[in-house]
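Take a look at the structure below.
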Amino acid sequence: MNADSSLQATLEEHFRWFHMHPELSMEESGTSLKIREILSGVGVETLELGLETGVLARVRGTEQGGEEVTVALRADIDALPIKEESGLPYASLNDGKMHACGHDFHMTSLLGAAMLLQKKQGSLPGTVKLVFQPAEEGVCGAQKVIDTGLLDDVREIYGLHVAADLNPGEVEVCAGADHAAVDRFAVHVTGRGGHAAEPHHAADPVVALAQFINAAQGIVSRNVDPFDRAVLSITQIHSGTTWNVIPNGAFAEGTIRTLCQNTRERMLKRLREIGKGVSLSSGADVQIDIENLSPATDNDPELAAIVADTARELGMPVVPVVPNMGGEDFSMYQQRMPGVFFSVGVGSPRPLHNSAFIANPAPLAAASSLMAALAEKALRRIPRSKPKPPV
Ligand SMILES: [Zn+2]
Ligand SMILES: [Zn+2]
């Protein structure tokens, strides 16, 4: 067995374990323990992250003079509240929980990268931090990791996500945004209830909410550049208790996804304006609460080109990108430091977040090699300031 196939066999074994033991956001204690065990088994140092879950590891090479340079590789580790229906022999043992977003693949490939970097420790010209981030699906884990301050010294960061619709081992990478900004909004309508037969004595929150929803659906078609991409979805509405009573209030919730910051701000402004307009026209009070979750990903153009070149060098085909309107809190790191988030194909018969999603583990070793190579290239490329002469 050559080195690559032996790494692949080791990683597949770990991948199956992670797939069988999915844990939800901020509950990843068994997963974190397993990651620590695997890392300590191959001599990789782990640092105290100070969060309930998640792991931060470090491979320290030898500095080549001048300041110490650190780069980071990131994988997310949480699963989803989905009952698995993949039919896999290594399906989830945790009922109602499933690695349906491929985070089992992400953390396994990062473990592979750690193993490869550890072997090269003697010739590595700097330090690589390996971030096993909790709670990506809850869209708060990246911020928690950043708030520890343990990535303050990181100069570049790389992360990957599996792509269900690409063939195993194909790589998709672009400059700029390929995952959308995520905003969540809630609409609280306060009207004045009354008899269904006497609407003129009431301020009907149901009609007001209906007007709001119809008007909000016009934002993408009337206020967004047709060459830009944006989505507005209203995903729940609640009001009333029976057929002959006009209720006092109504509630709706939804999300806006955008790739461009200007479009994001414009859509949120229009949402508030529509709320005010409907308040005036309906006589019911419409309040909009907006929660800005994560910005769009923002890949550094030069580094994205390096990812594509490195993938090709490793024999991984690079295919054109179709931007994804899903969110990804990797973007929080990219607010702090240059980085690239790219996709690796796993050829699933079903999409991400589907109960029959299956990540083909065949490209695990290749994904590990790509991550390790990106870290090593970054350490060789990032300029050092000259050491200060003695005084
Ligand atoms: Zn997901
Ligand atoms: Zn994911």
Side-chain angles (χ1 to χ4, degrees), residues 1 4-39 41-42 52-55 74-115 132-139 141 159-170 172 324 326-330 343-368 371:
M1 197 182 267
D4 258 15
S5 57
S6 118
L7 176 65
Q8 177 68 23
T10 305
L11 294 181
E12 283 192 20
E13 193 185 323
H14 294 323
F15 171 74
R16 287 192 292 271
W17 190 94
F18 288 124
H19 192 83
M20 287 163 76
H21 300 89
E23 294 173 303
L24 302 183
S25 303
M26 295 316 294
E27 296 174 6
E28 311 96 331
S29 49
T31 305
S32 302
L33 193 65
K34 181 74 173 174
I35 291 169
R36 281 178 183 279
E37 267 175 31
I38 295 169
L39 289 169
V42 293
E52 305 94 278
T53 55
V55 178
R74 173 271 204 176
D76 40 13
I77 66 171
D78 52 330
L80 287 158
I82 292 175
K83 187 170 175 54
E84 180 159 354
E85 295 174 320
S86 67
L88 286 168
Y90 55 92
S92 170
L93 297 177
N94 297 347
D95 196 31
K97 299 173 190 174
M98 177 187 176
H99 270 298
C101 201
H103 299 188
D104 45 357
F105 185 103
H106 305 169
M107 58 184 140
T108 309
S109 60
L110 190 56
L111 286 166
M115 292 170 195
F132 295 87
Q133 178 207 304
E136 189 280 326
E137 298 290 357
V139 203
L160 67 80
H161 205 291
V162 296
D165 54 348
L166 297 186
N167 294 317
E170 285 180 341
E172 211 182 38
N324 179 336
E328 172 53 66
D329 71 358
F330 186 83
S343 302
V344 173
V346 290
S348 169
R350 292 279 183 277
L352 294 169
H353 289 210
N354 182 286
S355 59
F357 168 79
I358 296 174
N360 184 332
L364 273 170
S368 300
M371 290 288 260

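Just so we're clear, the structure is a prediction, and the values are computed from it rather than from any experiment.
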What distance do Leu110 atom CG and Leu364 atom CG have between them, rounded to the nearest 0.5 Å? 12.0 Å
Fit a plane to each ring of His19 and His99, take the angle between them on a 0 to 90° scale, and name the class: parallel (under 30°), tilted (30 to 60°) or perpendicular (over 60°). tilted
List the residues meeting side chain to side chain donor-acceptor pair (under 3.5 Å) with Glu170, not counting sequence neighbours, and say none if there are none. Asn167
Gap between atom NE2 of His161 and atom SG of Cys101 - 0.5 Å precision: 3.5 Å
Excluding sequence neighbours, so at least two apart, what forms side-chain contact (heavy atoms from CB on, under 4.5 Å) with Ser343? Ala163, Glu172
Among pairs that include at least one residue of residues 77-94, which meet salt bridge (charged side-chain N to carboxylate O under 4.0 Å, His left out), considering only residues two or more places apart or in two chains? Lys83-Asp95
Could you state the interatomic distance from CZ (Phe105) to CG (Leu160), rounded to the nearest 0.5 Å? 6.5 Å
How long is the straight-line distance from CG of Leu80 back to CG of Asn354, given to the nearest 0.5 Å? 11.0 Å
Checking Glu12 now: which residues fulfil salt bridge (charged side-chain N to carboxylate O under 4.0 Å, His left out) with it, not counting sequence neighbours? Arg16
With Thr53, which residues qualify under side chain to side chain donor-acceptor pair (under 3.5 Å), at least two apart? Glu28
Could you measure the distance from the CG atom of Leu166 to the OG atom of Ser348? Nearest 0.5 Å is fine. 11.5 Å
Residue list, salt bridge (charged side-chain N to carboxylate O under 4.0 Å, His left out) with Arg350, at least two apart or on another chain: none
Stepwise side chain to side chain contact (heavy atoms under 4.5 Å, CB included) test for Val162 and Phe357: CA-CA 11 Å; Val162 296; Phe357 168 79; 4.0 Å; yes
Side chain to side chain contact (heavy atoms under 4.5 Å, CB included) evaluation trace for Val55 with Met107: CA-CA 10 Å; Val55 178; Met107 58 184 140; over 6 Å; no
Hey, does Glu328 have a side-chain heavy atom less than 4.5 Å from the side chain of Asp76? yes
Parallel, tilted or perpendicular: which one describes the rings of His21 and Trp17, with boundaries at 30° and 60°? parallel
Distance-only side-chain donor-acceptor flag, Gln133 / His106, under 3.5 Å: no
